[in-house]
Amino acid sequence: ICPFIGRKHNSNNTYLLQYDNTLLIKCHDEECCRKNKVLYKNINENTIEFDKDVFNSFKIEEGDEDNYKKKKEYFEKYYIYLRDSNQLYRIQNIYNKQFDYYERDIVAIDKGGLQDLKYQYKEGDVIKNSYFIKKYMEDPKRKEIFNIQFNPDMKNMDKYYNLFQGFNYENILNENDEITDNDIEEFKWYLNYIKTNICDDNEKTYQFFISHFACIIQNPSFLNHIIMLLYSAKQRTGKSLFTKFISRVIGMSYCYFGSFKQIFENPHSKAHLGTLINIIEEIDFNKSSKLENELKDYSQREVGVYNPKGKTEVKVNTYVRYFGTSNNANALKIT
């Protein structure tokens, strides 16, 4: 029986069509004019940004009276409500083409811009639409937190939005992955490369260098107030490649690549917001000499202020280590 006309066709023209993420039933009979119906669709809910099309794709599941709960789960992956300031924030990930990673940002939003988001509910046999954001803001079970914090120790974070979500190497390496002899050989080769090419083949320098990065992972909330400069007289010796490598181990979302102006002079800078490493590429002597005191102060501070435009300031813990790269031996002037 054809589902589109409720009776049999003289010819067998109804087919199941399977695509990568979708299963359709489609009728090619002349009476149906190639009508089709989606039987199943696998929706990617793990989008980098909030996707309105994904939000609108959720249907009312069998046995449910509405799809509000499902839409709420997806919404709360990308939006957080701060009770202290009665403000909705969106978790934004901006692609940095130059360094090939996503910079995370917390964007204060106007609830009025979400009025077009609707959820569906049943009223008898009729499916109706209603405003999602209105129901959400009145929902006593909505996910709400007091404020934003950055706490790599992951302690007492039940009532706060923690910008620290675990190191990236934990996502790359599974606990049960086998470490092969070839893996060990490649790792030894890379450690030798660091010792030979970055640390002048000096054992003490190498141990100090490796320990500095190990401390970030083993004890991320401990600041040793060291500012490290990677210097080479020649260009294209691999300074930036190493900083990118270590950033991917720690997590690109905890790293910020920027200039002195972006980090120290921009009043709305988010360079210290949820970051463990700030990397200043190609340090300029004139800028560094003018901002010498700021750089020293920033390397020691444990609390910073995030000042989004037109919104309430937020105090966050900072555990930033500063690194610079330069081809100028006098690039960093610190007494």
Side-chain angles (χ1 to χ4, degrees), residues 104 148-155 162-164 167-169 194-195 198-200 202-232 239-240 242-267 269-307 313-326 328-335:
R104 182 176 54 196
I148 298 170
Q149 280 200 17
F150 182 57
N151 187 352
D153 295 327
M154 306 285 281
K155 295 178 181 177
N162 193 358
L163 293 168
F164 183 77
F167 289 108
N168 191 49
Y169 76 86
I194 293 173
K195 179 181 177 182
I198 298 180
C199 301
D200 292 329
N202 183 300
E203 180 65 26
K204 287 185 177 180
T205 303
Y206 168 73
Q207 291 297 336
F208 177 88
F209 188 77
I210 289 294
S211 297
H212 183 61
F213 289 101
C215 183
I216 297 174
I217 292 175
Q218 295 170 3
N219 196 354
S221 58
F222 172 75
L223 285 178
N224 53 23
H225 305 159
I226 292 171
I227 302 167
M228 191 171 285
L229 179 65
L230 300 181
Y231 159 76
S232 64
K239 300 184 297 297
S240 294
F242 176 78
T243 56
K244 289 177 185 176
F245 166 77
I246 205 68
S247 297
R248 281 178 168 81
V249 173
I250 293 170
M252 295 300 271
S253 59
Y254 309 128
C255 305
Y256 186 88
F257 291 80
S259 64
F260 274 108
K261 184 175 181 179
Q262 290 170 313
I263 294 172
F264 302 113
E265 296 181 346
N266 182 1
S269 173
K270 52 184 182 292
H272 62 285
L273 185 67
T275 57
L276 292 168
I277 292 179
N278 276 192
I279 298 165
I280 307 168
E281 295 273 344
E282 302 304 331
I283 287 182
D284 176 77
F285 175 78
N286 291 326
K287 281 288 184 183
S288 67
S289 60
K290 293 177 182 177
L291 295 167
E292 175 186 346
N293 291 328
E294 284 83 351
L295 179 57
K296 287 192 289 187
D297 290 342
Y298 273 50
S299 71
Q300 299 177 52
R301 67 175 183 170
E302 296 179 355
V303 177
V305 175
Y306 174 53
N307 181 21
E313 291 183 346
V314 178
K315 283 189 176 181
V316 292
N317 295 331
T318 60
Y319 307 103
V320 181
R321 285 80 167 172
Y322 287 87
F323 296 85
T325 66
S326 181
N328 184 344
N330 297 316
L332 196 60
K333 178 184 178 294
I334 295 182
T335 52

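Quantities reported herein were computed from a predicted structural model and do not represent experimental measurements.
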Fill in the blank from the handout: Taken to the nearest 0.5 Å, the spacing of Ile250 CD1 from Ile277 CD1 works out to 3.5 Å
Exercise for the section: Could you please spell out the steps behind the side-chain contact (heavy atoms from CB on, under 4.5 Å) verdict for Glu265 and Leu291? Expected result: CA-CA 9 Å; Glu265 296 181 346; Leu291 295 167; 4.1 Å; yes
Practice task
Using atom types as modelled and distance alone, determine if a side-chain donor or acceptor of Thr325 lies under 3.5 Å from a backbone N or O of Glu281.
Solution key: no
Problem - Pairs where residues 202-212 contributes a residue and the test salt bridge (charged side-chain N to carboxylate O under 4.0 Å, His left out) is met, not counting sequence neighbours - result: Lys195-Glu203
Problem - Gap separating the CG atom of Asn278 from the CD atom of Gln262, nearest 0.5 angstrom - result: 10.5 Å
Fill in the blank from the handout: One should read off an interatomic distance between Glu294 CD and Asp297 CG, to the nearest 0.5 angstrom, of 7.0 Å
Handout entry: Sub-4.5 Å side-chain heavy-atom contact between Leu276 and Arg321
Key = yes
Exercise for the section: State, yes or no, whether a side-chain contact exists between Ile280 and Phe264 at a heavy-atom distance under 4.5 Å. Expected result: yes
Problem - Check: Phe208 main-chain N/O paired with Ser211 side-chain donor or acceptor under 3.5 Å - result: no
Handout entry: Over all atoms of both residues, closest heavy-atom pair of Cys255 and Gly251
Key = SG-O, 3.3 Å
Problem - Minimal non-hydrogen separation, Leu223 against Gln300, with atom names - result: CD1-O, 4.5 Å
Completion exercise
Test ring pair (Phe, Tyr, Trp, His ring centres under 6.0 Å), reference Phe323, set Tyr256, Phe209, Phe257, Phe213, output is Phe213
Problem - Test item: Ser326 side-chain N/O and Glu282 main-chain N/O as donor-acceptor pair under 3.5 Å - result: no
Handout entry: Heavy-atom side-chain proximity of Val303 to Asn317 below 4.5 angstrom
Key = yes
Problem - Any side-chain heavy-atom pair of Ile283 and Leu229 under 4.5 Å - result: yes
Problem - Backbone N/O of Arg301 and side chain of Thr318: donor-acceptor pair under 3.5 Å - result: yes
Practice task
Could you tell me whether the side chain of Asn224 and the main chain of Ile226 form a donor-acceptor pair under 3.5 Å?
Solution key: yes
Problem - Parallel, tilted or perpendicular: rings of Phe164 and Phe150 (30°, 60°) - result: perpendicular
Completion exercise
Residues passing the side-chain hydrogen bond (donor to acceptor under 3.5 Å, both in side chains) test with Asp153, sequence neighbours excluded, are Ser221
Problem - Atom pair OG1/CD1 of Thr205 and Ile198 - distance to nearest 0.5 Å - result: 12.0 Å
Exercise for the section: Look up atom CD1 in Ile210 and atom SG in Cys199, then write down how far apart they are to the nearest 0.5 Å. Expected result: 6.5 Å
Handout entry: Validation row: Tyr322, Ser299 side chains within 4.5 angstrom (heavy atoms)
Key = yes
Handout entry: Intermediate values then yes/no, side-chain contact (heavy atoms from CB on, under 4.5 Å), Tyr306 and Ile148
Key = CA-CA 10 Å; Tyr306 174 53; Ile148 298 170; 5.6 Å; no
Exercise for the section: List the atom of Tyr231, the atom of Asn328, and the distance in Å for their closest heavy-atom pair. Expected result: CE1-C, 3.6 Å
Practice task
Taking all non-hydrogen atoms of both residues into account, name the closest pair between Lys244 and Met252 and its distance.
Solution key: O-SD, 4.3 Å
Exercise for the section: Evaluate whether atom CD of Glu302 has more than 12 neighbouring non-hydrogen atoms of other residues, nucleotides or ligands under 6.0 angstrom away. Expected result: no
Practice task
Measure the shortest side-chain to side-chain distance between Ile246 and Ile216 over non-hydrogen atoms and say whether it is less than 4.5 angstrom.
Solution key: no
Handout entry: Asn168 side chain to Arg248 backbone, donor-acceptor under 3.5 Å
Key = yes
Problem - Separation between NE2 of His272 and CD1 of Ile263, rounded to the nearest 0.5 Å - result: 11.5 Å
